[in-house]
Amino acid sequence: MALPRRYKARDSEPRWQRYWEEEGIYRFDPDSGKPLYTIDTPPPTVSGAIHMGHVFSYVQAEAVARYHRMLGQEVFYPFCFDDNGLPSERFTEKQKKVRAQDMPRSEFVKLCLEVTKGAEEQFRDLWTRFGFSCDWTLLYTTIDPWVQRIAQRSFLRLREDGRIYHREAPTLWCPECQTAVAQAETEDSEKPSRFHDLSFPLADGDGALTIATTRPELLPACVSIFVHPDDPRHASLVGRKAVVPLFGHQVEIRADRKVAMDKGSGIVMCCTFGDTTDIEWWREYGLDLRIALDRRGHMNELAGPYQGMYVKKARREMVEDLRDKGFLQGSEDIEHTVNAHERCGTPLEYLVNRQWFIRVLDIRDQLLARCDEVSWHPDYFAVRFRHWVENLKWDWCISRQRFYGVPFPVWFCEGCGEPVTAAEEDLPVDPTETGPGRPCPECGGEEFRPEADVMDTWMTSSLTPLINAKWGEEDQREGLIPMSMRPQAHDIIRTWAFYTVVKSHLHTDSVPWEHLMVSGHALNPSREKMSKSKGNVAGDPLLALQQYSADELRYWACSSRLGNDVLFSPEVLGDGRRLVTKLFNATRFASSRLEGYDPAAEVELRPFDRWILSRLTRVIERASEGMEDYEYSTCVRECEDFFWHDLCDNYLEIAKGRLYGDDEEARRPAQHALYRALYGSLRLFAPVLVHVTEELYQAIFRDYEGHRSVHLAPWPADDYADGWALDHGQRALEIVEEARRYKSENKLGMGTPLAGLRVTAPSDLLEALREFEPDLLAVTRAESIAWAEGGELATEVEGPAEG
RNA sequence: GGGCGAAUAGCUCAGCUGGCCAGAGCGCCUGCCUUACAAGCAGGAAGUCGGGGGUUCAAGUCCCUCUUCGCCCACCA
């Protein structure tokens, strides 16, 4: 196949993408007998928020997949989508302009399916255009019935093991989404607020105390007051009672070390619940439970005249009334951070609800041990996992009061209230549509109320290794657990990585994977964490693909060390374009000089041939070391440096004399070295520059090598190592440099013939360098070289040749 | 408040287990249309390796400390 004069990525890339698809180049073959390399692909949410930051992280893992494929491993590389859960609900609500609450669950679920399926098609197209080598026949989505079955199976088995409990407990609650949320789903949100100094009369009539609060609307929920035991100002208060303003109930004043003496007045009210300290006190001192908020964030009957008001309104009204009645001593505007739901930004409340939990606090040590069993890349991210586990405060709340998700396989007996679970063989079940099919084991009752909650999405995504292995299914895949590698970004270590370790530990008594590859974030040109935005190249991968080729974008994604953030900027992207062009041009040139090349022929390599091949070996070693350590960027950098400078700038220029010459004896070893060096480079670049390397491979190398694709060719493992040539070739290049410097300083073209060179060197070196003479003459265009023994290596140029 | 990372040429970054005069790309300067490539080639200028201590024959490279930035967590009465 002849190469065109110019490389047109726009035409070539789709052509090879089709070829790979048609030929099944990336198809997983469970029966190949090759060692497995299995990848636990992150299921992106289908909520439409794909930006170059995602591409960045996926490409890095993808390059690693290709490396292992070239190593001769059978690569299990599925794709998947996370299409259930809150993000999809909100996405559907937005797309269809509906509200889930306003329709039957089944109807809403149908809408969600419709919307997510459409989005998935677009996603598959997008990933294909980036040259992804996943096997699409392995696709799963988290809403697939068999995947739901695995999630429900996980629930049933954990419940059998006594790991799961259902309990009324204070829970982080989002009044907007009207669901419980997990500790990990929260984020800080800066909100302007007001600090109010409130006066609480003492019950014995002996004066009053002052409490500073930002949440006066929680007064009806006040159950105690605390001061610090060492605070001399308030020592006399302990044990007495105070009257809650506006509401009149009396609460006891207690001393506890958790009180900060220097905040506000040093006196704090404890409400059920304002924050986690309230919960701790409530538990520790067995305080009353006074819930003043309902699930929608409105005040309930406990708030008396304020009942039905939304938190903010109640706050305003109460402050007015407090002022009118003389309880308000002062107010101060402040800026403070509140705990908000990361999905919608609404400040969270603590409510008491019946929720399902997985007990994890008691196995923290075991989870830490699992953490150590995993190879973290880069290793310092293990510390984040460790600290998260060490500082866990809550068991994992897995129930959500939402609609689109995996239902709990649970009913409650109307007779005794006990939960009744489905039989495993009946999974997946939706309890709102069927019954348990058996009477209540506790009381024999036959009337049931379905559990209407759905599972937290992490309940499913934490199972991705088990889903890949089809855990508990009839067609279970053997040998997949633990998987080889999980790629993910560092922001979800505390969620996805953590929950997955929990599940694998409990279900398979092992780690989920051997290696965890943690990527950084892509930053937009103003150095902010990238986010989806239309009309912006960084925020819109489709737009990026119009402006840059997939190979250029992949090169960018692989340009930084694993785990580092990287800037998405035009300058950096230009580097990839240059390299692709250079690779194409150099290979096209080589192909024109390879006529008559016979890979099987015996050749006697010249010193510079031995030099370039020894350099290649060195580069392969370093590049491979990098890839073994998940450092694709080391591989690219080493290879680029070799290809551009050693191979193109030096070797090619040196070998041209022989490649164009009539002397076949001299030409053949040059062809041999050129072919090997180029084919080696091509394969080192293949995991990243997937399209251009395929184009060049198919045009030049396939006839010789026979593999259907460069991506099925073996990873280079050249062992040509000639220390003599490596060292002396480098010294010989110093002579070339001197000649070039002379021409440059004298404003001469590089093609200018030189009258002669005078090279001085110690005798050993001199003797060695003389072996390079024919090539040195050719590349410097010198008519002759005069060799002289001397001290340091030095080269003098006699001047341009006459005429 | 705690943790993790980063601080190296104007810009973006590489420098692994400490060792010849600190590197690359972009940008800049001077040249060159040399039989693959001007999206190129040759040559060049440019850095107190954040500050301060210490270990060592020897430190961007190890230890301590300080400063600045980023991320994560906690607090947020």
Side-chain angles (χ1 to χ4, degrees), chain A residues 3 5-7 183-184 186-188 190-191 193 195-196 198 211-215 218 222 225-226 258-260 263-271 274-278 334-339 378 380-384 386-388 390-391 393 490-491 493-494 520-521 523 527-529 559-561 563-567 569-572 574-575 577-593 622 625-626 629 631 633-634 637-638 640-641 644-645 648-649 652-653 656-657 659-660 736-737 739-753 779 781:
Chain A
L3 288 167
R5 189 162 161 66
R6 286 188 168 231
Y7 177 63
Q183 187 183 349
T186 67
E187 65 180 11
D188 284 352
E190 283 282 333
K191 302 265 176 185
S193 182
F195 230 153
H196 302 284
L198 304 184
I211 291 177
T213 180
T214 54
R215 303 215 47 192
L218 287 179
C222 180
I225 287 172
F226 284 89
K258 283 200 265 299
V259 176
K263 274 198 183 165
S265 59
I267 310 176
V268 56
M269 65 174 183
C270 170
C271 307
D275 60 35
T276 50
T277 312
D278 288 345
I334 54 160
E335 190 70 26
H336 78 159
T337 44
V338 297
N339 223 3
Y380 56 80
F381 279 118
V383 179
R384 270 207 204 173
R386 177 164 282 282
H387 289 168
W388 175 252
E390 285 168 352
N391 294 314
K393 283 213 169 81
H490 59 66
D491 55 345
I493 288 174
R494 65 191 171 126
H521 288 296
L523 306 176
R527 281 211 168 271
E528 290 151 340
K529 190 166 145 185
S559 63
S560 77
R561 283 184 61 105
N564 281 9
D565 294 344
V566 76
L567 220 57
S569 71
E571 296 91 64
V572 188
D575 294 345
R577 175 163 304 191
R578 280 162 21 93
L579 180 58
V580 168
T581 304
K582 186 80 175 176
L583 195 56
F584 184 85
N585 286 333
T587 309
R588 187 167 57 83
F589 163 68
S591 73
S592 73
R593 295 287 107 204
R622 289 190 186 148
E625 267 173 39
D629 211 23
E631 283 296 359
S633 72
T634 305
R637 208 179 29 254
E638 286 287 336
E640 181 173 351
D641 188 47
W644 204 297
H645 297 117
C648 290
D649 291 346
L652 229 40
E653 293 303 324
K656 264 181 192 170
L659 290 168
Y660 279 104
V736 179
E737 266 173 46
R740 285 171 171 166
R741 185 173 294 115
Y742 175 87
K743 290 179 186 178
S744 203
E745 281 170 359
N746 292 285
K747 305 184 196 262
L748 300 170
M750 287 299 130
T752 313
V779 71
R781 307 279 167 109

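Being a predicted model, the structure only gives us computed values, none of them experimental. Chain letters run A, B, ... following the sequence lines, proteins first and then strands; every chain starts at 1.
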Calculate the interatomic distance between [X] atom [atom1] and [N] atom [atom2]; express it in whole Å.
X: A:R577; N: B:rC37; atom1: CZ; atom2: C1'; answer: 16 Å
X: A:D275; N: B:rC75; atom1: CG; atom2: C1'; answer: 9 Å
X: A:D641; N: B:rA24; atom1: CG; atom2: C1'; answer: 7 Å
X: A:D565; N: B:rU12; atom1: CG; atom2: P; answer: 14 Å
X: A:M750; N: B:rC37; atom1: CE; atom2: C1'; answer: 16 Å
X: A:R593; N: B:rC37; atom1: CZ; atom2: P; answer: 12 Å
X: A:K258; N: B:rC75; atom1: NZ; atom2: C1'; answer: 13 Å
X: A:L652; N: B:rA42; atom1: CG; atom2: P; answer: 12 Å

With rounding to the nearest 0.5 Å, note down the distance linking CZ in A:R215 to NE2 in A:H196. 11.5 Å

Inter-residue atom distance A:R637.CZ - A:S559.OG, 0.5 Å rounding: 9.5 Å

Which part of the nucleic acid, if any, lies within contact of [X], taking any heavy atom under 4.0 Å across all strands shown: a base, the sugar-phosphate backbone alone, or nothing?
X: A:A260; answer: base
X: A:H645; answer: sugar-phosphate
X: A:C648; answer: base
X: A:V259; answer: base
X: A:S559; answer: nothing
X: A:F195; answer: sugar-phosphate
X: A:T634; answer: nothing
X: A:N564; answer: sugar-phosphate
X: A:R6; answer: base
X: A:S569; answer: nothing

Between [options], spot the one nearest the side chain of [X], thanks.
X: A:V383; options: B:rC76, B:rC4, B:rC41; value: B:rC4
X: A:L567; options: B:rU34, B:rU12, B:rC71; value: B:rU12
X: A:V572; options: B:rG25, B:rC4, B:rU12; value: B:rU12
X: A:H490; options: B:rG43, B:rC73, B:rC71; value: B:rC71
X: A:K393; options: B:rA74, B:rG15, B:rG25; value: B:rA74
X: A:N585; options: B:rC37, B:rA14, B:rC41; value: B:rC37
X: A:R781; options: B:rC76, B:rA74, B:rU34; value: B:rU34
X: A:E737; options: B:rG43, B:rG3, B:rC41; value: B:rG43
X: A:R637; options: B:rA39, B:rU35, B:rA14; value: B:rA14

Considering all heavy atoms, the nearest A:L567-A:V572 contact: O-CG2, 4.4 Å

Return yes if some donor-acceptor pair links the side-chain N/O of [X] with the main-chain N/O of [Y] below 3.5 Å, else return no.
X: A:N746; Y: A:L748; result: no
X: A:N585; Y: A:K582; result: no
X: A:D565; Y: A:H521; result: yes
X: A:K743; Y: A:T752; result: yes

Do A:I493 and A:W388 come within less than 4.5 Å of each other through their side chains, counting heavy atoms only? no

What interatomic distance, in whole Å, is found between [atom1] of [M] and the corresponding atom of [N]?
N: B:rG15; M: B:rU61; atom1: P; answer: 15 Å
N: B:rC37; M: B:rC32; atom1: C1'; answer: 15 Å
N: B:rU48; M: B:rA6; atom1: P; answer: 22 Å

Report yes if a side-chain nitrogen or oxygen of A:R578 is closer than 4.0 Å to either non-bridging phosphate oxygen (OP1 or OP2) of B:rC26; otherwise report no. yes

Is B:rG51 in the syn range, within 90° of 0, or in the anti range? anti

No-H, no-angle donor-acceptor pair, A:K582 side chain to B:rC37 base, under 3.5 Å: yes

Check if the side chain of A:R741 and the base of B:rU30 share a donor-acceptor pair of N or O atoms closer than 3.5 Å. no

